Amino acid sequence: MDWIVIFRQGGSPDLEIQPNSRLFDGLLLGFLMRGTMKVQLHFLEYEVTAGDIAVLQPQLMIDTKSLSPDAEIVTVGLSSDFISGFTMMRELVMNDYVRWQPIIRPSAEEVNLQEDLIRLLERFYKKTTSRKKTEMLQYLVAALVSMIAEKYAVRPEKNSVVQSRTHELIDEFYVLISKYAHAERTVSFYADKLHLTPQYLSTFLKQHTGKSVLQWVY
């Protein structure tokens with residue numbers, strides 16, 4: 001179906017993770033059902049454990065670093081067109097706090113409910129096409145996203161995001177490479193755009209993202 005994709009992925013002792021930054025033009029929800037993983041989301045690295053949910057807004061870089069042999073992940077991708085029809089989903093993808101806190105940890109009760117809902121969603125997704133299939137899937141997706149939105153809603157007000165200069169600078173660099181990386185590949189170009197010295201920009205990115213300017217550009 002053109003507005004939703006669902007797939008389940010398992011790790012294995014022989015699985016090799018290749019360096020491969022990816023973008024998705026929509027809302028991407030990753031549910032780690034079992035095991036552990038390391039992933040880089042929008043330049044920052046996270047340790048993810050079983051039960052965690054990764055909430056990835058449109059056009060954020062995703063780079064899987066490692067998966068434990070027992071890891072199992074269910075990924076739900078929702079198109080931008082679909083998201084635009086739901087106020088709750090639009091608010092989620094526009095929330096700065098979500099971008100810088102993309103990993104949430106539900107309670108044990110919530111994890112059990114979430115797993116039941118995901119299994120039901122997968123069954124309807126694989127169901128033979130019928131007149132009501134799309135409508136049923138949309139209701140199930142709305143319930144799943146509502147559970148996630150509720151987790152962000154109960155966060156303490158004091159944490160509801162004043163971006164640090166670090167986050168602002170990473171955002172600004174990301175916008176620049178999205179626009180110019182196909183043509184401009186020098187450190188000095190990006191440093192000049194950000195009103196920084198090339199040495200400072202290189203050190204900053206290496207420290208906060210683990211990669212140099214040229215590694216991100218290429």
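All values derive from a computational prediction rather than experimental measurement.
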Trainee: Any sub-3.5 Å donor-acceptor pair from Y152's side-chain atoms to Q101's backbone N or O?
Mentor: yes

Trainee: Between the side chain of Q40 and the main-chain N/O of T209, is any donor-acceptor distance below 3.5 Å?
Mentor: yes

Trainee: When you check the gap from the basic side-chain N to the acidic O, do K193 and E184 get nearer than 4.0 Å?
Mentor: no

Trainee: Run the side chain to side chain contact (heavy atoms under 4.5 Å, CB included) test on L44 and H167 for me, step by step, so that the C-alpha distance in whole Å, both residues' side-chain angles and the decisive distance to 0.1 Å come before the verdict.
Mentor: CA-CA 10 Å; L44 303 181; H167 291 171; 4.2 Å; yes

Trainee: Out of curiosity, does L113 fall in the hydrophobic cluster containing V111 (side-chain heavy atoms, cut-off under 4.5 Å, transitive links)?
Mentor: no

Trainee: Apply the test side chain to side chain contact (heavy atoms under 4.5 Å, CB included) to residues I104 and E110: give CA-CA distance (whole Å), side-chain angles for both, the deciding distance (0.1 Å), then the verdict.
Mentor: CA-CA 11 Å; I104 57 176; E110 290 167 334; over 6 Å; no

Trainee: Only counting residues at least two apart or in another chain, list the ones meeting side-chain hydrogen bond (donor to acceptor under 3.5 Å, both in side chains) with T129.
Mentor: none

Trainee: Please check: side-chain N/O of Q57 versus main-chain N/O of N95, any donor-acceptor pairing under 3.5 Å?
Mentor: yes

Trainee: What distance do M89 atom CE and I148 atom CD1 have between them, rounded to the nearest 0.5 Å?
Mentor: 9.5 Å

Trainee: Between E168 and R165, does at least one N-O distance fall below 4.0 Å, as a salt bridge requires?
Mentor: yes

Trainee: Determine whether the aromatic ring centres of H42 and Y174 lie less than 6.0 Å apart.
Mentor: yes

Trainee: Would a single hydrophobic cluster contain both L92 and M88, if residues Ile, Leu, Val, Met, Phe, Trp and Tyr are joined by side-chain heavy-atom contacts under 4.5 Å?
Mentor: yes

Trainee: Using atom types as modelled and distance alone, determine if a side-chain donor or acceptor of K133 lies under 3.5 Å from a backbone N or O of K127.
Mentor: yes

Trainee: What's the spacing between L205 CG and L169 CG if we round to 0.5 Å?
Mentor: 7.0 Å

Trainee: Before you tell me yes or no, could you show the steps for V217 and F189 under side chain to side chain contact (heavy atoms under 4.5 Å, CB included), namely the whole-Å CA-CA distance, both residues' side-chain angles and the distance that decides it to 0.1 Å?
Mentor: CA-CA 11 Å; V217 170; F189 173 83; over 6 Å; no

Trainee: Let me check something: any side-chain donor-acceptor pairs from residues 76-86 under 3.5 Å, sequence neighbours excluded? List them with distances.
Mentor:
residue, atom, partner, partner atom, Å
S79, OG, F82, N, 3.1
S80, OG, D25, O, 3.1
S80, OG, D25, OD1, 3.4
S84, OG, D81, O, 2.6

Trainee: How close do L32 and V48 get, counting heavy atoms only, and between which atoms?
Mentor: CD2-O, 3.5 Å

Trainee: For a quick test of reading the model, state the closest non-hydrogen atom pair linking P198 to S188 and the distance between them.
Mentor: CG-CA, 4.1 Å

Trainee: Indicate if F7 and L27 have the same hydrophobic cluster label, given that clusters are the connected sets of ILVMFWY residues with side-chain heavy-atom separations under 4.5 angstrom.
Mentor: yes

Trainee: Who are the salt bridge (charged side-chain N to carboxylate O under 4.0 Å, His left out) partners of K38, not counting sequence neighbours?
Mentor: E47

Trainee: Distance from I170 atom CD1 to F43 atom CZ, nearest 0.5 Å?
Mentor: 7.5 Å

Trainee: Please find the pair of heavy atoms, one from G35 and one from S68, that lie closest to each other, and give the distance.
Mentor: CA-OG, 3.4 Å

Trainee: Where is the tightest heavy-atom contact between D116 and R119, given as atom of each residue plus distance?
Mentor: OD1-NH2, 2.7 Å

Trainee: Would you check, one step at a time, whether the test side chain to side chain contact (heavy atoms under 4.5 Å, CB included) holds for W3 with L137?
Mentor: CA-CA 11 Å; W3 62 273; L137 272 173; 3.8 Å; yes

Trainee: What pair of heavy atoms forms the shortest contact from Y46 to P102, and how long is it?
Mentor: OH-CD, 3.4 Å

Trainee: What is the distance from atom CD of Q114 to atom CD1 of I53, rounded to the nearest 0.5 Å?
Mentor: 4.0 Å

Trainee: Taking L121 as the starting point, is it possible to reach Y139 by hopping between hydrophobic residues whose side chains are less than 4.5 Å apart?
Mentor: no

Trainee: Quick check for you: to the nearest 0.5 Å, what is the distance between I73 atom CD1 and T64 atom OG1?
Mentor: 6.5 Å

Trainee: L214, Y200: one ILVMFWY side-chain cluster at the under-4.5 Å cut-off?
Mentor: yes

Trainee: For the backbone of S212 and the side chain of Q215, can you confirm whether one donor and one acceptor N or O come within less than 3.5 Å of each other?
Mentor: yes

Trainee: Evaluate whether atom NZ of K179 has more than 12 neighbouring non-hydrogen atoms of other residues, nucleotides or ligands under 6.0 angstrom away.
Mentor: no

Trainee: Starting at CG of L144, measure out to CG of L29 and round the result to the nearest 0.5 Å.
Mentor: 6.5 Å

